[in-house]
Amino acid sequence: QVPLVESGGGLVQPGGSLRLSCAASGVIFSRTIMGWYRQAPGKERELVASITSGGTTNYADSVKDRFTISKDNAKNTVYLQMSGLKPEDTAVYYCYADYLVDPVGPRYRRYWGKGTLVTVSS
């Protein structure tokens with residue numbers, strides 16, 4: 001039981017900025033990798049960014065240097081700051097959490113938010 005609730009999506013013009021938030025109630029950050037996927041109509045869901053419990057970040061090449069993932073441990077919240085938005089960034093963005101349930105394997109359990117729509121258009 002790890003509820004993930006996204007917010008911050010909406011309509012923005014090309015070149016604009018948005019910040020997505022993922023409230024991760026119940027998440028233990030020391031055991032969790034968190035991040036964002038996105039899926040555009042007719043396309044496969046793709047990993048956008050991730051952040052480990054230690055703060056290591058990774059980005060898709062398509063968003064590198066434009067998007068920044070961060071987290072606030074005190075608020076149990078992960079953010080995706082998006083700037084220089086392009087029409088091709090239009091997609092439903094999904095927060096996810098990979099919770100470590102078995103340190104030996106290791107084995108993780110995947111949790112998903114319901115998604116928030118980002119539309120980049122004039």
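Position 1 is the first residue of the sequence; numbering continues from there. This structure is a prediction, so every number in the text was calculated from the model and none was measured.
In the hydrophobic clustering of ILVMFWY residues, with side-chain heavy atoms under 4.5 Å counting as a link, F67 and Y94 come out apart. Connection of M82 to V12 is established within a shared hydrophobic cluster, with ILVMFWY side chains joined at heavy-atom distances below 4.5 Å, either directly or through further cluster members. Residues Y108 and L47 share a hydrophobic cluster, clusters being chains of Ile/Leu/Val/Met/Phe/Trp/Tyr side chains in contact below 4.5 Å. V78 and I33 fall into different hydrophobic clusters, where Ile, Leu, Val, Met, Phe, Trp and Tyr residues are linked whenever their side-chain heavy atoms come under 4.5 Å apart, directly or through other members. W112 and L100 fall within a single hydrophobic cluster, where Ile, Leu, Val, Met, Phe, Trp and Tyr are joined by side-chain heavy atoms under 4.5 Å apart, directly or via other members.
Between the side chain of K114 and the backbone N or O of E6 there is no donor-acceptor pair closer than 3.5 Å. Judged by distance alone, with hydrogens and angles left aside, the side-chain atoms of T52 form a donor-acceptor pair with the main-chain N or O of G54 at under 3.5 Å. The backbone N or O of G9 sits less than 3.5 Å from a side-chain atom of T116, completing a donor-acceptor pair. Remark: the backbone N or O of G35 is not paired with any side-chain donor or acceptor of S50 at under 3.5 angstrom. At distances below 3.5 Å, not a single donor-acceptor pair connects side-chain atoms of T90 with backbone N or O atoms of E88.
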Using the side chain to side chain contact (heavy atoms under 4.5 Å, CB included) rule, take L80 and T68 through it: C-alpha gap first, then chi angles, then the decisive distance, then the call.
CA-CA 6 Å; L80 186 67; T68 301; over 6 Å; no
Determine whether Y37 and R45 satisfy the following criterion, side-chain hydrogen bond (donor to acceptor under 3.5 Å, both in side chains), listing intermediate values before the conclusion.
CA-CA 7 Å; Y37 279 76; R45 186 175 297 186; over 6 Å; no
Y99 vs V101, test: side chain to side chain contact (heavy atoms under 4.5 Å, CB included). Steps then yes/no.
CA-CA 6 Å; Y99 181 74; V101 295; 3.5 Å; yes
Show, in sequence, the C-alpha distance, side-chain angles and deciding distance for W36 and I69, and conclude whether the side chain to side chain contact (heavy atoms under 4.5 Å, CB included) test is met.
CA-CA 9 Å; W36 297 87; I69 187 170; 3.9 Å; yes
Might you work through the side chain to side chain contact (heavy atoms under 4.5 Å, CB included) test for D89 and R66, ending with a clear yes or no?
CA-CA 11 Å; D89 295 318; R66 297 190 298 120; 2.8 Å; yes
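Residues A91 and A40 approach most closely at CB-N, 3.8 Å, considering heavy atoms.
With 3.5 Å as the limit, one finds no donor-acceptor pair spanning the side chains of Y96 and R110.
In this structure, S121 and P87 have side chains that are not in contact, with every pair of non-hydrogen atoms separated by 4.5 Å or more. Counting only heavy atoms from C-beta outward, the side chains of I51 and T56 never approach each other to under 4.5 Å.
In this structure, CG in N76 is found 9.5 Å from OG1 in T32, a value given to the nearest 0.5 Å. One finds the CZ atom of R109 at 11.0 Å from the CG atom of D102 (value rounded to the nearest 0.5 Å). From L4, atom CG reaches atom SG of C95 across 4.5 Å, with rounding to the nearest 0.5 Å. Separation of atoms CE (M34) and OG1 (T77) is listed at 8.5 Å; rounding is to 0.5 Å. One distance of note links OG of S53 with CG of N73; it measures 9.0 Å at 0.5 Å rounding.
Between R38 and E46, at least one side-chain nitrogen of the basic residue sits less than 4.0 Å from a carboxylate oxygen of the acidic one, meeting the salt-bridge criterion.
Taking the centre and axis of the six-membered ring of Y79, the NZ or CZ atom of R19 falls inside the cone set by 45° and 6.0 Å.
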